[in-house]
Amino acid sequence: MDIETRIRRRRDDGSRLIRDYEALSPVAHVDDPSGRGPAFERLLDHLDPVFDGRLPPNGYVHGDFGAGKSAVVTALFAHLTRLSADAGAVIHTSTRVAAPSSPAFAYVDLREAASEFAVHRAVLDAVTEDPIPEHGVSTADLRARLHDRFGGSDPGAVVAVDHVDDPDALGADALVDLFAGLPSGVSWLAVGRGPPASTPLTDYTARSIRIDPYRRRMLLDVLMARSSAGLARQGLDHDLARRLADWADGNAHDALAALFVAADRAEREGRTRLTEADVDVAIEGMPRPSVSLARVLTLPANKQRVLRALVDLDSADRDSVTATADAIAARPGVDLSRGTVERFLYELAETGVLDRVKAPRSGKGRPPSRVELRFPSAVFRRLYDLRG
DNA sequence: GATCCACGGGAATACACGGATG
DNA sequence: CATCCGTGTATTCCCGTGGATC
């Protein structure tokens, strides 16, 4: 916990249950994910060559939703980046005075880098200090810069590429092409949910590393750690945590999301401790399978705006996609055309952020469908509003 | 002037149904 | 009875335009 957080918590009055939303957020990854030691070890084994200044081969990290893949990989790459910076090993300007002596590290989230251009840009941005333009320069141009940097005697870079099988991300074929176009001095570590056999990427990897789902005991630790960081003292009873952990069945995302919903409910009702009912209602209302809130919160701004309006709609306005689009487009703050909102809704359903269910037909023509959320609305609402 | 990308708009296609047709 | 057709919606698909930035 950093100093600012400590001060903020000290200042909070004792009557509030939720002290720190960020600490409860299923989207936030902590610096040192508890209980993932073995996964760290296996990743370090894979990356071992970098400690001799050499490049490891390409790899693929896989595991179920909520197993902690992103948590482990982001934490590990953050540490490695820091270490190599501290060691002065990396000097990354285009006019560098000394050549670095060991590989650089970059973490790229395909949810945020949604095009070939954006991926190239993200890699460059991570390994250089120079600002990289966002416009006015072609993708080929950026690729050329990467070749300039990593084509020759430079020790190269290891790039973690997260969420390779995200429905909104570049497709597998595009990724294969993209990786093939990278200079030989770049080694990649793809991260996805699917087993190795499910992606053509593994045709180009030397190793696959599986991250197992959280064991019950570990998930319990995660819940207790997060609630002690984010809730009032004694806010979460051990038995209730166990109940959440049992229900979540190894999925840390869902466990934390449910905890968040339960805490939100308790707080709204003025309590300073979670009750069994809070947890029951939260679990009851969790869509399963759910879509990652991190995914929802990295959607393009206007799509999030549409979703933000959607979660506040009365059910009366949600009888059909058309009606929903009308209601959303009419809201202040959403200045998209009705047609665009409607298209967004279809697209969001297509990629699994929303669900389309048959609605009772109302008169003539093709029967309409209705959209339902695949994520807990309370969590999205809070986190979205928190970000202003 | 170049580049990327989000929007808007609308054409094309799919679907459901009832009635007409063979 | 099986099929086709017309009508009214729903859904998908595609592409030109323009803003923002370099």
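Since we're looking at a predicted model, the values are computed, not measured. Just so it is clear: chains get the letters A, B, ... in the order the sequence lines come, proteins before strands, and each one is counted from 1.
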Under 4.0 Å: is that the gap between some side-chain N or O of [X] and OP1 or OP2 of [N]?
X	N	value
A:S369	C:dT11	yes
A:R370	C:dA10	no
A:S115	B:dC5	yes
A:T139	B:dC4	yes
A:S138	B:dT3	no

Practice problem: Step through it carefully: locate the ring centre of A:F77, locate the ring centre of A:H79, and say whether they are under 6.0 Å apart. | Solution: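 Distance test on ring centres: not under 6.0 Å, no.
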Quiz item: Looking only at heavy atoms, which two atoms of A:A282 and A:A262 are closest? And how far apart?
Solution: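 Reported closest heavy-atom pair: CB-N, 3.6 Å.
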Quiz prompt | Closest contact, heavy atoms only, A:P26 versus A:F260 | solution =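 Closest heavy-atom pair between A:P26 and A:F260: CD-CD1, 4.3 Å.
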Self-check item: Whichever of A:R343 and A:S320 has its nearest DNA chain C nucleotide further upstream toward 5'
Solution: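 The residue closer to the strand's 5' end, by nearest nucleotide, is A:S320.
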Quiz item: Base, sugar-phosphate alone, or nothing: which one does A:R338 contact when heavy atoms must sit under 4.0 Å apart?
Solution: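 No contact.
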Practice problem: Report which part of the nucleic acid A:Y346 touches: base, sugar-phosphate, or nothing (heavy-atom distance under 4.0 Å, all strands). | Solution: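 Since a base atom lies under 4.0 Å of A:Y346, the category is base.
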Self-check item: Pairwise side-chain contact, A:V159 with A:L189, heavy-atom cut-off 4.5 Å (strictly under)
Solution: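 No; the side chains remain at least 4.5 Å from each other.
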Quiz item: Please give, in whole Å, the distance from C:dA20 C1' to A:R121 CZ?
Solution: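 Interatomic distance, CZ of A:R121 to C1' of C:dA20: 14 Å.
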Quiz item: Tell me: NZ of A:K303 to C1' of B:dG8, nearest whole Å?
Solution: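 Interatomic distance, NZ of A:K303 to C1' of B:dG8: 14 Å.
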